[in-house]
Amino acid sequence: RSWITQVWDLASGQSLYTVEGGPTAIFSLDGEQLATWQVGEGFLLWDAASGQSAGFLDFPGAIALSPDFDFIVTNPSYDSDADTSVVSIIDSETGAERYQMAVGGTVVDARFSPDGRFLALTSGGTSSQTTVWEMQSDNQVASFDQVDRFIFSPDGRLMAGTFGPQREIRLLDGQNF
């Protein structure tokens with residue numbers, strides 16, 4: 001399946017340009033670049049103002065990119081029936097592995113806080129769980145059971161997640177775990 005990402009001017013409601021890649025797209029912290037996810041391959045980079053190609057971060061198994069584009073989260077041994085997943089944090093410039101994180105179940109989602117300080121990894125299956133890791137120390141700082149997905153608010157102060165079989169949305173403190 002091929003994906004496209006369309007970028008819009010919110011003030012005018014006009015489409016600015018369309019680029020390849022998806023279903024995930026993120027802007028760099030400085031707003032100069034856009035990265036679109038090529039499922040299982042890496043990230044296409046685009047000039048955010050023009051939509052012109054600016055490169056490719058080639059990392060098989062890539063599932064997330066930090067907001068500063070410095071780190072890529074990979075899950076190279078993806079197995080939908082796994083009891084444990086091991087994800088790697090890779091330096092996007094050198095390709096060197098910074099460290100690995102083991103989580104229960106199959107990782108189905110990875111989200112960085114807007115400042116890149118925290119990484120939330122959600123595993124699926126019968127006992128969905130989200131673990132939150134502090135990037136600088138590689139320490140797990142929180143764990144939430146029966147969570148399908150998590151996102152951080154734009155300022156990073158809150159996290160929203162869907163909990164339990166009813167998929168109840170809860171807001172949590174996104175800075176103090």
Side-chain angles (χ1 to χ4, degrees), residues 3-10 16-76 78 85-103 107-123 130-144 149-161 172-177:
W3 296 86
I4 60 165
T5 298
Q6 194 161 12
V7 177
W8 296 82
D9 180 319
L10 294 179
L16 298 176
Y17 54 83
T18 301
V19 296
E20 293 177 50
T24 299
I26 64 168
F27 285 97
S28 60
L29 287 174
D30 61 10
E32 305 260 330
Q33 287 190 309
L34 173 69
T36 57
W37 184 38
Q38 291 294 100
V39 179
E41 296 175 19
F43 292 88
L44 293 167
L45 301 178
W46 309 95
D47 178 89
S50 68
Q52 297 299 309
S53 177
F56 182 66
L57 298 175
D58 184 10
F59 290 91
I63 57 174
L65 181 64
S66 65
D68 56 11
F69 290 19
D70 286 346
F71 297 104
I72 292 177
V73 179
T74 66
N75 188 11
Y78 178 81
S85 288
V86 176
V87 298
S88 298
I89 307 300
I90 308 292
D91 183 303
S92 65
E93 191 171 309
T94 66
E97 183 177 79
R98 182 172 171 192
Y99 47 79
Q100 292 184 340
M101 299 171 182
V103 296
V107 173
V108 296
D109 195 26
R111 304 281 175 136
F112 282 93
S113 61
D115 61 6
R117 184 174 163 206
F118 298 107
L119 172 64
L121 297 172
T122 301
S123 57
T130 294
T131 53
V132 181
W133 301 78
E134 184 178 46
M135 289 296 294
Q136 184 139 3
S137 67
D138 179 29
N139 288 327
Q140 181 179 324
V141 295
S143 178
F144 305 96
R149 295 282 190 258
F150 252 113
I151 59 169
F152 288 90
S153 63
D155 64 6
R157 291 189 200 164
L158 296 173
M159 294 173 68
L172 302 168
D173 185 332
Q175 295 293 302
N176 302 302
F177 297 102

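Keep in mind the model is a prediction, meaning the values are calculated, not measured. FYI, the numbering just counts along the sequence from 1.
- Residues that satisfy the side-chain hydrogen bond (donor to acceptor under 3.5 Å, both in side chains) test with Asp155, not counting sequence neighbours, are Ser153.
- Residue Leu29 comes nearest to Pro114 through the heavy atom pair CD2-O, 3.2 Å, listed as atom of the first residue, atom of the second, then distance.
- At least one donor-acceptor pair closer than 3.5 Å links the side chain of Asp47 to the backbone N or O of Ala49.
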* Take Met135 and Ile89, measure what side chain to side chain contact (heavy atoms under 4.5 Å, CB included) needs, and give me the verdict at the end. => CA-CA 9 Å; Met135 289 296 294; Ile89 307 300; 3.7 Å; yes
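- Every residue was checked against the salt bridge (charged side-chain N to carboxylate O under 4.0 Å, His left out) condition with Arg98, not counting sequence neighbours, and none meets it.
- Applying the side-chain hydrogen bond (donor to acceptor under 3.5 Å, both in side chains) rule to Asp58 yields no partners; only residues at least two apart in sequence or on another chain are considered.
- Taking Ala160 as the reference, Ile151, Leu171 meet the side chain to side chain contact (heavy atoms under 4.5 Å, CB included) condition, with sequence neighbours excluded.
- For the pair Val87 and Trp133, the minimum side-chain heavy-atom distance is 4.5 Å or more.
- Among pairs with a residue in residues 107-116, those fulfilling side-chain hydrogen bond (donor to acceptor under 3.5 Å, both in side chains) read Asp109-Arg111, Ser113-Asp115, at least two apart in sequence or across chains.
- Expressed to the nearest 0.5 Å, how far CD1 of Ile26 lies from CG of Leu34 amounts to 8.5 Å.
- Residues Phe69 and Ala35 come closest through the heavy atom pair CZ-CB, 3.7 Å.
- Heavy atoms only, all atoms of each residue included: Ser92 and Leu57 are closest at O-CD2, 4.2 Å.
- Residues Phe43 and Ala62 approach most closely at CE1-CB, 3.8 Å, considering heavy atoms.
- A pairwise comparison of heavy atoms in Ala48 and Tyr17 identifies O-OH, 2.7 Å as the closest pair.
- Pairs of residues two or more places apart, or lying in two chains, never qualify as salt bridge (Lys or Arg N to Asp or Glu O under 4.0 Å) while including a residue from residues 27-38.
- Not a single side-chain hydrogen bond (donor to acceptor under 3.5 Å, both in side chains) links Trp37 to another residue, sequence neighbours left out.
- Between Phe118 and Phe152, the angle of the ring planes stays under 30°, which puts this pair in the parallel group of the 30/60° scheme.
- Checking Thr122 against Thr130 by side-chain atom types alone, a donor-acceptor pair falls below 3.5 Å.
- Within a 6.0 Å radius of CD in Glu20, no more than 12 heavy atoms belonging to other residues, nucleotides or ligands are found.
- For the atom pair Thr131 OG1 and Met101 CE, the distance stands at 8.0 Å (nearest 0.5 Å).
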* Going through the distances and angles, do Leu172 and Phe144 end up as a side chain to side chain contact (heavy atoms under 4.5 Å, CB included)? -> CA-CA 11 Å; Leu172 302 168; Phe144 305 96; 3.5 Å; yes
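- No donor-acceptor distance shorter than 3.5 angstrom exists from the side chain of Tyr99 to the backbone of Ser137, with no hydrogens or angles considered.
- Remark: Asp138 pairs with no residue by the salt bridge (charged side-chain N to carboxylate O under 4.0 Å, His left out) rule, at least two apart or across chains.
- In this structure, the separation between CD1 on Ile90 and OG on Ser66 is 12.0 Å, given to the nearest 0.5 Å.
- Residues that satisfy the side chain to side chain contact (heavy atoms under 4.5 Å, CB included) test with Thr5, not counting sequence neighbours, are Val19, Ala25, Thr36.
- Shown here are the side chain to side chain contact (heavy atoms under 4.5 Å, CB included) partners of Asp9, two or more places apart in sequence or in another chain: Ala11, Ser12, Leu16.
- The OG1 atom of Thr74 sits 8.5 Å away from atom CZ of Phe59, with the distance rounded to the nearest 0.5 Å.
- For the residue pair Phe112 and Pro67, the shortest heavy atom distance occurs at CB-CD, 3.6 Å.
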* Going through the checks in order, is the side chain to side chain contact (heavy atoms under 4.5 Å, CB included) test met by Glu134 and Arg117? -> CA-CA 6 Å; Glu134 184 178 46; Arg117 184 174 163 206; 3.7 Å; yes
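- Residues passing the salt bridge (charged side-chain N to carboxylate O under 4.0 Å, His left out) test with Glu97: none are found, sequence neighbours excluded.
- Val132 is listed as a side-chain neighbour of Met159, based on a closest heavy-atom distance under 4.5 Å.
- To the nearest 0.5 angstrom, Trp46 atom CH2 is 11.5 Å from Gln33 atom CD.
- Residues meeting the side-chain hydrogen bond (donor to acceptor under 3.5 Å, both in side chains) test with Gln6, sequence neighbours left out: Ser15.
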